[in-house]
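First the structure, in the form of structure tokens, and then the observations on it.
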Amino acid sequence: MASLTSSSQASFLSRPSSNRSSPPLLPTDHHVSLSPRDLPSFSALRASFTRSSSPTLRRSRLLPISAAATDVSLVDTSVNTIRFLAIDAVEKAKSGHPGLPMGCAPMGHILFDEVMQYNPKNPYWFNRDRFILSAGHGCMLQYALLHLAGYDSVREDDLKNFRQWGSRTPGHPENFETPGVEVTTGPLGQGIANAVGLALAEKHLAARFNKPGNEIVDHYTYAILGDGCQMEGIANEACSLAGHWGLGKLIAFYDDNHISIDGDTEIAFTENVETRFQGLGWHVIWVKNGNTGYDEIRAAIKEAKAVKDKPTLIKITTTIGYGSPNKANSYSVHGSALGEKEVDATRKNLGWPYGPFHVPEDVKSHWSRHIPKGAALETEWNAKFADYEKKYPQEAAELKSLITVNLPTGWEKSLPTYTPESPADATRNLSQQCLNALAKVLPGFLGGSADLASSNMTLLKMFGDFQKNAPEERNLRFGVREHSMGAICNGITCHSPGLIPYCATFFVFTDYMRAAIRLSALSQAGVIYVMTHDSIGLGEDGPTHQPIEHVASFRAMPNILMLRPADGTETAGAYKVAVENRKRPSILALSRQKLPHLPGTSVEGVEKGGYVISDNSTGNKPDVILMGTGSELEIAAKAGEKLREEGRAVRVVSLVSWELFDEQSEEYKESVLPSEVSARVSIEAGSTFGWEKMVGSKGKAIGIDSFGASAPADVLYKKFGLTVDAVVAAAKDLC
């Protein structure tokens, strides 16, 4: 059978020093070839640090090594190949981070060469193991590994063009740029949270589709994170959830090198990470010699894979910039090229006689086996799936739809419909009706809220809660963890294109998760952000909870849809748009207060972003155009009626999504907002920033350019001038 690979994914296939002394190294004039295994263990340098010696910490046991284990000298050569590919690429670019790849090369080699299952010629094979470099600045580690493994996305020329215009090896890993890269990382902590999402997706799908003797979903998620990731709050949020959910197929490697940009982590980061992770519900192992302790690393991975009921953190003590005689174990090797002299000294120190970007023949030959091996793994899985399909045709068809993002025919017909006679309701409540309708027809639809499900109205009533012992369920309880919630949903989306996650909180609390939302947009991850309490209309909670600048700020963000529906029909339209847009996220800003269902709104109009809901003009020449979004569209509509009673030709326009409107043809935009009509008034319960684009230099924008206040919603609307009379008065001033 044909390999199950997303068509959208397959399209990519065509395209000052530390105060601690450095480890003793050979003088730079020593010409004897030195294996890195001869260098001293860095663990001795940690002897003075009691924070890493928890009495309950599991140190890796030296378990028996497979008979197929690679010859030590070849591993040494392979590890040094990884190091020097990174060194040479950073040096050529005169930019980058060589320290992490030099220190993490041993764990990277063992992961990609001995442990992980993948197919280099099909980076999107469904049952592959996933690898996340949370410490994304060290991306040359990942590029070197992809290159050695035979991925077409990272050829020698790509390494030579590291960090250059048009290169497939950008300065941080980008999933949309480099096949083989699962998620976009760089902002520290995001990657480990993405990894939690990927592992959650595997556990969820395995629970839904695996049958006794037919484990069709069976893969691991591996991540490398550093001290910087550990310091970021998002990492703790996500890892807390991973422990709670018992994600046993998540294995994280903590690159414990004790160096950050400002120097030794002693200056700001002295907590006991192992004890913290044990408290979070993780299994913890310490590999004391990450520089040359290959067997320790292997044993730790074997032990981690034997633990099924919780994720594992393998703390691996390494030397940043390992092998550099003058810069190893210092912040100077973190984010700068070594420099020509130090590169030469490092070559001598590690006994590396080759020129830049050279891969020795024995290493090349050794790694070349991953191409036929990967093809065989995929072929074997395809045969297994074919057998599964015969036994369980319904489940197989559903799983295929999640792998290939084939939405069920007519899914959009499940969305509820409304008329002007339907009872008024808050769009957050109408949103819940849409969510529950979609969950019945979309097998990949799942999500939840940051401890606000009863207020965001996001509970899927026909499903239970995803929990450690109920991973087949679809309600995700994120707790008060907005930032990791967004990043976890990014990971879920990147796992399988047919998984459609949504997450929710109050709109103002997007401030807690903006970095994750931005990465959704950058990563082309179609997460649906359900954001309620969208304006001063939430009332008495006051300015701490009332969004002002938020709509404008997301309109300024590239590759994201900012939707603010006005009623039930527009809410249904917003969900139709959000589900269809699998390569860009959507934000739905929803009201707490009840709103009427307006005449003239339509799903088709929402799809265009801006459209006319009422108009008594002729010849596309209204006297004035009134524009609104969300709860203020009703105000614009009522103002239009009042002006018409006075004999004016008035057009009322819903601008539910500026991004979608901008994408329409010039002819269509002219038919909605004719350029000859300069009398334009907008009303929106938020910042007026940006509205000049719509109202023009002669128009008027009614909004709020200050913080809100604590009072009932109707009082606030009057006090801030968001009224029918204010719109009518502004219109009369213009025409």
Worksheet entry | Intermediate values then yes/no, side-chain hydrogen bond (donor to acceptor under 3.5 Å, both in side chains), Glu540 and Ser710 | CA-CA 5 Å; Glu540 292 85 349; Ser710 179; over 6 Å; no
Item to complete: Please check if any side-chain donor atom of Ser520 sits under 3.5 Å from a side-chain acceptor atom of Tyr529, or the reverse.
Response: yes
Worksheet item: Are side-chain N/O atoms of Thr532 and Arg592 paired as donor and acceptor at under 3.5 Å?
Response: no
Discussion item. Is it the case that the side chains of Thr184 and Glu174 hold a donor-acceptor pair, with the cut-off being a distance below 3.5 Å and no angle test?
Written reply: no
Item to complete: Return the orientation label for the Trp245 and Phe478 ring planes: parallel under 30°, perpendicular over 60°, tilted otherwise.
Response: perpendicular
Fill in: Sequence neighbours excluded, every pair satisfying salt bridge (Lys or Arg N to Asp or Glu O under 4.0 Å) that has a member inside residues 445-456
none
Practice prompt. May I ask you to check whether Asp256 and Thr317 show a side-chain donor-acceptor distance below 3.5 Å?
Written response: yes
Discussion item. For the backbone of Val217 and the side chain of Asn210, can you confirm whether one donor and one acceptor N or O come within less than 3.5 Å of each other?
Written reply: yes
Discussion item. What's the separation between atom CD1 in Ile492 and atom CG in Asn490, rounded to the nearest 0.5 Å?
Written reply: 9.5 Å
Worksheet item: Using 30° and 60° as the class limits, which term best fits the ring planes of His137 and His334: parallel, tilted or perpendicular?
Response: tilted
Discussion item. Please report the interatomic distance CG(Asp425) to CD(Gln432), rounded to the nearest 0.5 Å.
Written reply: 10.0 Å
Worksheet item: Hey, is the main chain of Lys461 close enough, under 3.5 Å, to the side chain of Asn436 for a donor-acceptor pair?
Response: yes
Discussion item. Using the ring pair (Phe, Tyr, Trp, His ring centres under 6.0 Å) criterion, which residues pair with His550? Sequence neighbours excluded.
Written reply: Phe507
Worksheet item: Would you say the side-chain atoms of Ser631 and Arg564 include a donor-acceptor pair closer than 3.5 Å?
Response: yes
Worksheet item: Is the side chain of Thr185 donor-acceptor paired with the backbone N or O of Leu133 at a distance under 3.5 Å, no angle test?
Response: yes
Item to complete: Look up atom CG in Leu660 and atom CG in Asn581, then write down how far apart they are to the nearest 0.5 Å.
Response: 7.0 Å
Discussion item. Run the side chain to side chain contact (heavy atoms under 4.5 Å, CB included) test on Val527 and Cys503 for me, step by step, so that the C-alpha distance in whole Å, both residues' side-chain angles and the decisive distance to 0.1 Å come before the verdict.
Written reply: CA-CA 8 Å; Val527 177; Cys503 60; 4.3 Å; yes
Worksheet item: With distance as the sole criterion, is a donor-acceptor pair present between the side chains of Ser431 and Tyr575 under 3.5 Å?
Response: yes
Practice prompt. Enter the distance from Ser401:OG to Leu407:CG here, rounded to the nearest 0.5 Å.
Written response: 8.5 Å
Worksheet item: Lys203 side chain to Lys468 main-chain N or O, any donor-acceptor pair under 3.5 Å?
Response: yes
Worksheet item: When you measure from the side chain of Asp255 to the backbone N and O of Leu225, does any donor-acceptor pair fall under 3.5 Å?
Response: no
Item to complete: Just say parallel, tilted or perpendicular for the rings of Phe253 and Tyr222, cut-offs at 30° and 60°.
Response: tilted
Practice prompt. Report, as yes or no, whether the 6.0 Å neighbourhood of atom NZ on Lys440 holds more than 12 heavy atoms from other residues, nucleotides or ligands.
Written response: no
Worksheet item: Is there a donor-acceptor pair closer than 3.5 Å between any side-chain N or O of Asp264 and the backbone N or O of Glu266?
Response: yes
Worksheet item: Side chains of His483 and Glu232: is there a donor and an acceptor less than 3.5 Å apart?
Response: no
Item to complete: Under the ring pair (Phe, Tyr, Trp, His ring centres under 6.0 Å) rule, what do Phe509 and His545 come out as? Steps first, then yes or no, please.
Response: CA-CA 8 Å; Phe509 296 145; His545 284 54; 5.2 Å; yes
Response to the item:
Correct closest heavy-atom pair for Ala437 and Pro416 would be CB-CD, 4.1 Å
Worksheet item: Does a side-chain N-to-carboxylate-O contact under 4.0 Å join Glu398 and Arg208?
Response: yes
Worksheet item: Do the side chain of Asn559 and the main chain of Arg584 share a donor and acceptor less than 3.5 angstrom apart?
Response: no
Worksheet item: Strictly under 6.0 Å, is that where the ring centroids of Tyr254 and Phe277 end up?
Response: no
Worksheet item: So does Phe463 have more than 12 non-hydrogen atoms from other groups sitting under 6.0 Å from CZ?
Response: yes
Practice prompt. For Trp411 and Leu442, indicate whether the former's side chain and the latter's backbone hold a donor-acceptor pair under 3.5 Å.
Written response: no
Fill in: Residues His533 and Gln546: side-chain donor-acceptor under 3.5 angstrom
no
Fill in: Whether Glu473 side chain and Phe466 backbone form a donor-acceptor pair below 3.5 Å
no
Worksheet entry | Rounded distance [0.5 Å steps], CD1 in Ile314 versus CD1 in Ile224 | 10.5 Å
Worksheet item: Distance only, no hydrogens: is a donor on one side chain within 3.5 Å (strictly under) of an acceptor on the other, for Asp227 and Ser260?
Response: no
Worksheet item: Can we call the ring centroids of Tyr118 and Phe131 under 6.0 Å apart?
Response: no
Practice prompt. Show the numbers, then the answer: is there a salt bridge (charged side-chain N to carboxylate O under 4.0 Å, His left out) between Glu274 and Lys315?
Written response: CA-CA 8 Å; Glu274 309 89 81; Lys315 170 187 166 181; 3.4 Å; yes
Worksheet item: Does the side chain of Gln230 come under 3.5 Å of the side chain of Arg276 through a donor N or O and an acceptor N or O?
Response: yes
Discussion item. With a 6.0 Å cut-off (strictly less than), is the heavy-atom count around CZ of Arg518, excluding the residue itself, greater than 12?
Written reply: no
Discussion item. Looking at Arg128 and Pro123, would you say the former's side chain and the latter's main chain have a donor-acceptor pair under 3.5 Å?
Written reply: yes
Worksheet item: Pick one: which of His219, His204, Glu182, Glu202 meets side chain to side chain donor-acceptor pair (under 3.5 Å) with His495?
Response: His219
Item to complete: Output all residues satisfying side-chain contact (heavy atoms from CB on, under 4.5 Å) with Ser591, sequence neighbours left out; order by chain, then residue number.
Response: Ala426, Thr427, Asp534, Gln593, Leu595
Worksheet item: Roughly how far, to the nearest 0.5 Å, is the CG atom of Leu459 from the CE atom of Met462?
Response: 9.5 Å
Discussion item. Is a donor from one side chain sitting under 3.5 angstrom from an acceptor on the other, for Arg428 and Thr458?
Written reply: no
